[in-house]
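Heads up: the structure comes next, in structure tokens.
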2 protein chains.
Amino acid sequence: MAERGRPRAFDRDEALHRAMRVFWTCGYEGASVSELAQAMGINKPSLYAAFGCKEELFREAIALYGREEGAPVGEALAAGRTARGAIEMALRVNARSYTNPDNPRGCMVVVSALAGAPENNPVCRFLAENRRESEESFRRRVERGIAEGDVLASADPARVAAFYATVMHGLSIQARDGASAAALEKVVDSAMAAWETVAS
Amino acid sequence: MAERGRPRAFDRDEALHRAMRVFWTCGYEGASVSELAQAMGINKPSLYAAFGCKEELFREAIALYGREEGAPVGEALAAGRTARGAIEMALRVNARSYTNPDNPRGCMVVVSALAGAPENNPVCRFLAENRRESEESFRRRVERGIAEGDVLASADPARVAAFYATVMHGLSIQARDGASAAALEKVVDSAMAAWETVAS
DNA sequence: CCATTTATATACCGATAGGTACAAAATTGA
DNA sequence: TCAATTTTGTACCTATCGGTATATAAATGG
């Protein structure tokens with residue numbers, strides 16, 4: 001069970017956290033491997049030995065981001081007693097996260113690779129798939145609301161999900177552009193005002 | 001008045017159009033100067049002689065984008081007889097543009113440099129400023145609506161502008177992720193349903 | 001026809017990109 | 001103690017990055 005060779009001298013999880021912040025700040029293409037290694041406090045061969053390649057490191061960083069910043073959103077969605085309350089809480093959790101002074105601005109899944117060189121298309125598609133899944137989770141929550149009776153049976157779950165996903169993604173841009181937490185909360189207020197019409 | 005030396009063998013405007021499409025597709029960092037020159041049908045020295053440097057070429061491309069894709073939005077804003085109608089039309093014009101099969105997906109100002117390497121921060125800030133101006137134009141249109149009596153005097157123009165700017169920016173992400181024109185139009189329907197509450 | 005001016009294409013610049021070879025160091029099992 | 005295994009740091013690889021020197025070609029003014 002014990003490890004055989006020379007033990008790793010750095011904390012893999014801590015290093016991944018630091019890499020995540022660099023990608024979150026600079027984006028996938030804007031973060032160089034040298035810069036990543038420096039921020040992680042290791043040399044490049046250690047980085048490659050532990051994480052494979054730049055793209056694999058990025059995918060692990062996104063997975064970590066999902067666990068740390070995305071999980072509270074999923075919990076809010078699940079915990080809300082109505083679909084409306086759940087989606088509102090999910091948006092508010094995001095609004096706080098996007099403007100948290102301890103974090104880079106906006107959602108890492110939105111800001112780190114919206115466009116890129118042709119050879120990096122897999123990274124862009126990976127993030128797009130990630131965003132699609134967020135919208136899916138909104139849709140499923142609306143479906144659950146219909147099943148539980150807190151959403152009209154005539155509502156179109158896909159339409160509701162598309163609208164609130166659009167607002168959520170837009171919040172990342174506003175956050176990057178310097179909007180305050182209070183400003184984003186007001187945007188959420190506005191978006192929720194459409195609920196009765198959107199989910200009808 | 002006549003030009004003195006050897007005449008330029010390419011159409012500067014046509015070349016700028018082609019550069020714009022490359023930046024729009026790949027983003028600022030994802031578009032290499034070699035790739036740009038190839039798409040423009042010229043060699044790199046011609047590119048540098050005509051446009052200065054990569055960043056200047058990008059800024060000219062954004063200006064061209066504003067003239068071609070942005071102008072109809074400004075016209076829609078100005079032409080609408082009410083603030084509500086004007087903003088709705090602006091969003092619909094964008095929804096069409098973002099999903100136009102002849103164009104790359106989404107708004108070039110949103111997708112081409114949301115994050116980047118530290119040395120490219122000026123480009124990111126330039127685009128952020130561009131987006132801020134879009135939001136400003138929404139705000140001014142709401143103020144005009146108050147002055148003309150089609151918006152309640154109690155409305156908060158900044159709040160209305162922030163909400164619709166958020167939706168507009170979110171539309172770019174949805175478009176990049178493959179949403180259809182019809183899907184984006186439905187999102188606009190949903191956003192407009194919030195008007196009475198947001199502008200009150 | 002010739003000097004001047006500007007654009008062209010080729011070939012190149014130093015710097016950095018992502019990624020790795022290699023030898024020394026640090027651990028384990030025997 | 002010693003072979004086997006893994007990590008470490010240095011130094012390096014090729015390819016490409018943004019950008020340019022240079023010589024030639026094509027125009028104008030005189």
Side-chain angles (χ1 to χ4, degrees), chain A residues 1-16 18-19 22-23 25-61 112-113 115-124 126, chain B residues 1-16 18-19 22-23 25-61 112-113 115-124 126:
Chain A
M1 224 34 155
E3 324 276 334
R4 280 273 295 188
R6 175 175 175 170
R8 179 176 283 141
F10 63 94
D11 182 332
R12 193 182 189 278
D13 192 59
E14 166 67 17
L16 183 57
R18 297 193 195 184
V22 175
F23 279 130
T25 303
C26 302
Y28 179 73
E29 289 178 337
S32 76
V33 174
S34 298
E35 186 185 358
L36 286 161
Q38 189 166 358
M40 296 161 86
I42 60 180
N43 293 106
K44 285 200 283 176
S46 297
L47 187 160
Y48 280 95
F51 297 100
C53 68
K54 186 186 183 185
E55 181 172 340
E56 286 183 45
L57 174 61
F58 180 74
R59 288 173 186 262
E60 277 207 52
S112 57
E119 66 265 26
N120 295 322
N121 259 342
V123 171
C124 295
F126 169 65
Chain B
M1 223 36 154
E3 325 273 338
R4 279 274 297 187
R6 175 174 175 172
R8 180 177 283 143
F10 63 95
D11 182 331
R12 194 183 188 278
D13 192 59
E14 167 67 17
L16 183 57
R18 297 195 196 183
V22 175
F23 279 129
T25 303
C26 302
Y28 179 73
E29 289 179 338
S32 76
V33 174
S34 298
E35 187 185 356
L36 285 161
Q38 188 167 359
M40 296 161 86
I42 61 180
N43 293 105
K44 286 199 284 176
S46 298
L47 187 160
Y48 281 95
F51 299 99
C53 67
K54 187 186 183 186
E55 182 172 340
E56 285 183 46
L57 173 61
F58 180 74
R59 287 172 185 262
E60 277 208 52
S112 58
E119 66 265 26
N120 295 322
N121 259 343
V123 171
C124 295
F126 169 65

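The analysis underlying the following values was restricted to heavy atoms, covering all of them including side chains, and did not include hydrogens, waters or symmetry mates. In what follows, chains are A, B, ... by sequence order, proteins preceding strands, each numbered from 1.
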What is the distance, rounded to the nearest whole Å, between atom CZ of B:Phe58 and atom C1' of D:dG19? 19 Å

Give the ring-plane orientation class for A:Phe126 versus A:Phe58, where under 30° counts as parallel, over 60° as perpendicular and anything between as tilted. perpendicular

Under 4.0 Å between any heavy atoms, over every strand shown, what does A:Ala31 touch: base, sugar-phosphate, or nothing? Just pick one. sugar-phosphate

B:Tyr48 and B:Glu56: CA distance, side-chain angles, deciding distance, side chain to side chain contact (heavy atoms under 4.5 Å, CB included) verdict: CA-CA 10 Å; B:Tyr48 281 95; B:Glu56 285 183 46; over 6 Å; no

What's the CG-P distance between A:Asp11 and D:dT7, to the nearest Å? 15 Å

Rounded to whole Å, how long is the line connecting atom CD of A:Glu56 with atom C1' of C:dG18? 14 Å

In chain order, what residues pass the side-chain hydrogen bond (donor to acceptor under 3.5 Å, both in side chains) check against B:Glu55, with sequence neighbours excluded? B:Arg59

Measure across B:Met40 and B:Ala19 and return the closest heavy-atom pair with its distance rounded to 0.1 Å. SD-CB, 3.8 Å

Does atom CD of B:Gln38 have more than 12 heavy-atom neighbours from other groups under 6.0 Å away? no

What integer distance in Å separates A:Leu47:CG from D:dT7:P? 13 Å

To the nearest angstrom, the CD-C1' distance between B:Glu55 and D:dC17 comes to 16 Å

What integer distance in Å separates B:Glu35:CD from D:dC17:P? 8 Å

Where do B:Pro118 and A:Cys26 come nearest, in terms of heavy atoms and distance? CD-SG, 4.1 Å

Rounded to whole Å, the OH-P distance (B:Tyr28 to D:dC17) equals 13 Å

Collect all protein-nucleotide pairs involving nucleotides 7-11 of chain C in which both atoms are nitrogen or oxygen and the distance is under 3.5 Å.
{"residue": "C:dA7", "atom": "O4'", "partner": "B:Arg6", "partner atom": "O", "Å": "3.2"}
{"residue": "C:dT8", "atom": "OP1", "partner": "B:Ala9", "partner atom": "N", "Å": "2.6"}
{"residue": "C:dT8", "atom": "OP2", "partner": "B:Ser46", "partner atom": "OG", "Å": "3.1"}
{"residue": "C:dA9", "atom": "OP2", "partner": "B:Asn43", "partner atom": "OD1", "Å": "2.7"}
{"residue": "C:dA9", "atom": "O5'", "partner": "B:Asn43", "partner atom": "OD1", "Å": "3.3"}

Looking only at side-chain N and O atoms, does B:Tyr48 come under 4.0 Å of OP1 or OP2 in D:dG19? yes

